[in-house]
Amino acid sequence: MTPRHLALAAALALGPFFATGAQAQSLVQLYEAARGFDAPYLAARSQYDASLAQAAQARAGLLPQAGLGAAANWARRDISNSSAFDGNSNNQSATLSASQPLYRPVNKLTNDQAELSTDIARARLVQAEQDLIVRTSQAYFDVLAAQDTLAFVQAQKTAVAEQLAAAKRNFEVGTTTITDSREAQAQYDLVLAREIAAANDLRVKQLALDQLVGRSAVSPRPLAAPVALPDLQPADPQAWVNRTAETHPAILQATRNLDIAQLETRKAEAGHKPTLDLVGQYQVAKGPSTTLPVAGNVRSNTASVGVQFNLPLFAGFAVQNRVKETLALEDKARSDLDAARRNVDLATRSAYLGVVSGQGQVKALEAAEASSQSALDANRLGYQVGVRINIDVLNAQSQLFQTKRDLAQARYNVLLGNLRLRQASGALLPEDLLPIDALLVK
């Protein structure tokens with residue numbers, strides 16, 4: 001087990017302990033909670049178990065079959081002009097029969113298809129797990145983004161309120177006009193409306209996260225400051241595409257579907273082939289004698305063993321047409337595989353470009369945040385000395401808080417983009433959440 005696996009196991013083991021009480025929860029802890037509660041994931045896991053059991057049923061065609069039968073009947077015999085053979089008779093019999101396929105190519109191919117179908121079932125479960133990782137992370141960062149938005153709006157409200165109070169004081173002493181007060185009041189009313197909307201959005205995002213993990217009042221840990229986002233490794237889109245070769249769940253499913261389609265063609269061609277079974281039977285019967293010297297009921301034991309051969313000669317061209325059908329389905333499966341590879345290639349490259357673009361946005365917004373702070377300081381100083389008006393300060397404040405909100409959202413998008421890139425390449429694992437957990441407040 002690698003150190004990353006050990007760290008993940010430790011984090012999951014301690015998750016319930018840390019989740020109790022008033023402490024905030026990490027992303028790994030909430031993901032583990034979602035694994036035990038999320039209905040789509042639990043349904044996918046049950047479907048996986050059912051698929052394994054269904055695949056195992058195909059092996060029955062290669063194993064011995066045995067059955068036990070019994071019969072009993074009563075008969076009344078009345079022969080005209082003779083009373084010697086008139087009377088009642090009872091017959092009882094018990095039969096144990098068994099068979100073992102010796103040569104049944106269709107059964108063998110069906111079992112091979114079932115073994116391939118287990119790979120498809122496993123790939124679908126992997127897809128469900130990867131989807132749960134992304135959905136949990138999305139809901140986690142949605143709550144953090146909503147909290148940031150509300151915090152920034154409330155900070156902006158405080159700043160606007162201070163500016164409004166200053167404008168009113170200056171108007172009372174006659175250093176400014178009523179326009180400054182009205183502009184500040186309008187800005188304050190607008191911020192109040194934004195605060196209401198932000199608070200409602202936070203409640204909605206909180207409910208979504210609570211429902212996903214099956215807990216109430218979940219409190220996700222925020223990113224620790226200063227934030228140092230991890231570099232994208234490898235920094236080459238082709239390297240990410242190469243990871244998808246044959247291990248991507250979607251490509252693996254399409255590959256196995258093609259293999260199954262090819263076996264289906266062989267099954268159709270096997271419709272012309274003979275079958276050979278080993279059969280055996282043991283019967284115990286009791287009933288009236290059928291020979292004149294013996295009177296009354298007699299008991300007979302019969303045992304037999306042999307082989308049973310069957311060769312299809314003509315089935316109305318059903319076999320030939322079935323072969324044509326399976327060949328067409330084989331071509332379809334081959335085209336589906338090509339489409340799966342192209343879709344994965346496109347999704348992986350798009351996800352890679354999204355992460356690169358997100359990283360560039362973070363750097364640009366970090367610079368914009370510093371510039372917006374400088375612009376606000378300059379406007380405040382200019383307002384104090386009379387070269388700037390109140391609306392300039394208000395606009396600078398609004399721009400700064402908007403930039404802060406966009407920067408926080410951009411950072412979350414980069415972290416989510418990394419997970420989506422790994423999902424697109426088919427390499428997303430639960431332990432990929434550990435580097436994100438390392439960025440959170442402890």
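Remember, predicted model here, so these are calculated numbers, not experimental data.
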Exercise. With distance as the sole criterion, is a donor-acceptor pair present between the side chains of Ser26 and Asp437 under 3.5 Å?
Worked result: yes
Exercise. Could you walk me through whether Arg194 and Leu190 pass the side chain to side chain contact (heavy atoms under 4.5 Å, CB included) check?
Worked result: CA-CA 6 Å; Arg194 291 175 180 170; Leu190 180 60; 3.5 Å; yes
Problem set entry | Check: Leu415 and Leu223 side chains under 4.5 Å, non-hydrogen atoms | yes
Exercise. Can you tell me how far CG of Leu433 sits from CG of Leu419, rounded to the nearest 0.5 angstrom?
Worked result: 6.0 Å
Exercise. Ignoring hydrogens and geometry, is there a side-chain-to-backbone donor-acceptor pair from Gln206 to Val218 under 3.5 Å?
Worked result: yes
For this session: Begin with the C-alpha distance, continue with both residues' side-chain angles, and end with the deciding distance and a verdict on side chain to side chain contact (heavy atoms under 4.5 Å, CB included) for Val307 and Val279.
Result: CA-CA 6 Å; Val307 292; Val279 295; over 6 Å; no
Exercise. For Gln147, does the CD atom have more than 12 heavy-atom neighbours from other residues, nucleotides or ligands under 6.0 Å away?
Worked result: yes
Exercise. With sequence neighbours left out, what residues match Asp148 under salt bridge (Lys or Arg N to Asp or Glu O under 4.0 Å)?
Worked result: none
Problem set entry | Any side-chain heavy-atom pair of Val134 and Arg420 under 4.5 Å | yes
For this session: Could you tell me whether the side chain of Gln25 and the main chain of Ser219 form a donor-acceptor pair under 3.5 Å?
Result: yes
Exercise. Can you check whether Ile251 reaches Leu337 side chain to side chain, under 4.5 Å on heavy atoms?
Worked result: yes
Problem set entry | Trp240 (side chain) donor-acceptor with Pro234 (main chain) under 3.5 angstrom | yes
For this session: Apply side chain to side chain contact (heavy atoms under 4.5 Å, CB included) to the pair Val241 and Arg349, showing each step before the final yes or no.
Result: CA-CA 7 Å; Val241 171; Arg349 294 182 185 275; 3.8 Å; yes
For this session: Look only at the side chain of Asp432 and the backbone of Leu429, and say whether a donor-acceptor pair between them is shorter than 3.5 Å.
Result: yes
Exercise. Regarding Asp131 and Gln127, is there a side-chain donor-to-acceptor distance under 3.5 Å anywhere?
Worked result: no
Exercise. So, the side chain of Glu195 versus the backbone of Val153: is there a donor-acceptor pair under 3.5 Å, distance only?
Worked result: no
Exercise. Where the side chain of Asn107 meets the backbone of Gly61, is there a donor-acceptor pair that is under 3.5 Å apart?
Worked result: yes
For this session: Starting at CG of Leu258, measure out to OG of Ser335 and round the result to the nearest 0.5 Å.
Result: 9.5 Å
Exercise. Does a side-chain N-to-carboxylate-O contact under 4.0 Å join Asp338 and Arg334?
Worked result: no
Exercise. Just by modelled atom types, is the Asp210 backbone N or O under 3.5 Å from a matching donor or acceptor in the Arg215 side chain?
Worked result: no
For this session: Give the minimum heavy-atom separation between Arg221 and Gln29, together with the two atoms involved.
Result: NH2-NE2, 4.1 Å
Exercise. With sequence neighbours left out, what residues match Arg266 under salt bridge (Lys or Arg N to Asp or Glu O under 4.0 Å)?
Worked result: none
Exercise. In terms of side-chain heavy atoms, does Asn242 have a donor or acceptor partner in Gln238 at a distance below 3.5 Å?
Worked result: yes
Problem set entry | Given Arg35, Arg122, Arg135, the one that forms salt bridge (charged side-chain N to carboxylate O under 4.0 Å, His left out) with Glu129 | Arg35
Exercise. Do any pairs count as a side-chain hydrogen bond (donor to acceptor under 3.5 Å, both in side chains) and have a residue in residues 361-371, sequence neighbours left out, and if so which ones?
Worked result: Glu366-Arg411, Glu369-Lys404
Problem set entry | Student check: side-chain heavy atoms of Asn200 and Val204 closer than 4.5 Å | yes
Exercise. Heavy atoms, side chains only, cut-off 4.5 Å: are Lys168 and Gln163 in contact?
Worked result: no
Exercise. Any side-chain heavy atom of Thr179 within less than 4.5 Å of one from Arg182?
Worked result: no
For this session: Taking the side chain as every heavy atom from C-beta outward, state whether Gln409 and Asp406 have any pair of such atoms under 4.5 Å apart.
Result: no
For this session: Using the test side chain to side chain contact (heavy atoms under 4.5 Å, CB included), find all partners of Ala347 that sit at least two apart in sequence or belong to another chain.
Result: Ala424
For this session: Count the heavy atoms of every other residue, nucleotide or ligand shown that sit under 6.0 Å from CZ of Phe314, and state whether that count exceeds 12.
Result: yes
Exercise. How long is the span from the CZ atom in Arg405 to the CD atom in Gln156, to the nearest 0.5 Å?
Worked result: 10.0 Å
Exercise. So Leu116 and Ile120, side chain to side chain contact (heavy atoms under 4.5 Å, CB included) or not? Walk me through it.
Worked result: CA-CA 7 Å; Leu116 293 174; Ile120 296 178; over 6 Å; no
Problem set entry | Salt bridge flag under 4.0 Å for residues Asp119 and Arg256 | yes
Exercise. Crowded around Gln54 CD? As in, over 12 foreign heavy atoms under 6.0 Å?
Worked result: no
Exercise. Tell me, do Tyr103 and Pro105 make a side-chain contact under 4.5 Å, heavy atoms counted?
Worked result: yes
For this session: Please name the pair of heavy atoms, one in Leu311 and one in Pro274, separated by the smallest distance, quoted to 0.1 Å.
Result: CD1-CB, 3.8 Å
For this session: Write out all pairs satisfying ring pair (Phe, Tyr, Trp, His ring centres under 6.0 Å) with one or both partners inside residues 123-147, taking only residues at least two apart or from two chains.
Result: Phe141-Tyr412
Exercise. Under 3.5 Å, side chain of Asp38 to main-chain N/O of Ala34, donor-acceptor pair present?
Worked result: no
Seminar exercise, completed: Taken to the nearest 0.5 Å, the spacing of Gln262 CD from Leu327 CG works out to 10.5 Å
Exercise. For His248 and Ala250, which heavy atoms make the closest approach, and how far apart are they?
Worked result: ND1-N, 3.0 Å
Problem set entry | Lys205 and Asp201 ion-paired at < 4.0 Å | yes
Problem set entry | Evaluation steps, side chain to side chain donor-acceptor pair (under 3.5 Å), between Asp377 and Gln373 | CA-CA 6 Å; Asp377 295 339; Gln373 183 64 58; 3.2 Å; yes
Exercise. Judged by atom type as modelled, is there a donor-acceptor pair below 3.5 Å linking the side chain of Asn418 to the main-chain atoms of Val414?
Worked result: yes
Problem set entry | Residues forming a salt bridge (Lys or Arg N to Asp or Glu O under 4.0 Å) with Arg322, sequence neighbours excluded | Glu264, Glu325
Exercise. Can any side-chain N or O of Ser357 pair as donor or acceptor with the backbone N or O of Gly354 at less than 3.5 Å?
Worked result: no
For this session: Output the distance between atom CD (Glu330) and atom OG1 (Thr326), rounded to the nearest 0.5 Å.
Result: 7.0 Å
Exercise. Considering all heavy atoms of both residues, which atom of Gly426 and which atom of Pro249 are nearest to each other, and what is their separation?
Worked result: CA-CD, 3.9 Å
Seminar exercise, completed: Tightest non-hydrogen contact, residues Pro222 and Leu144, listed as CA-CD2, 3.8 Å
Problem set entry | Minimum heavy-atom distance between Leu232 and Tyr352, given as atom pair plus value | CD2-CE1, 3.2 Å
For this session: Let me know which of Arg104, Gln308, Gln65 forms a side-chain hydrogen bond (donor to acceptor under 3.5 Å, both in side chains) with Asp277.
Result: Arg104
Problem set entry | Rounded distance (nearest 0.5 Å) linking atom CG of Leu394 with atom CG of Leu376 | 10.0 Å
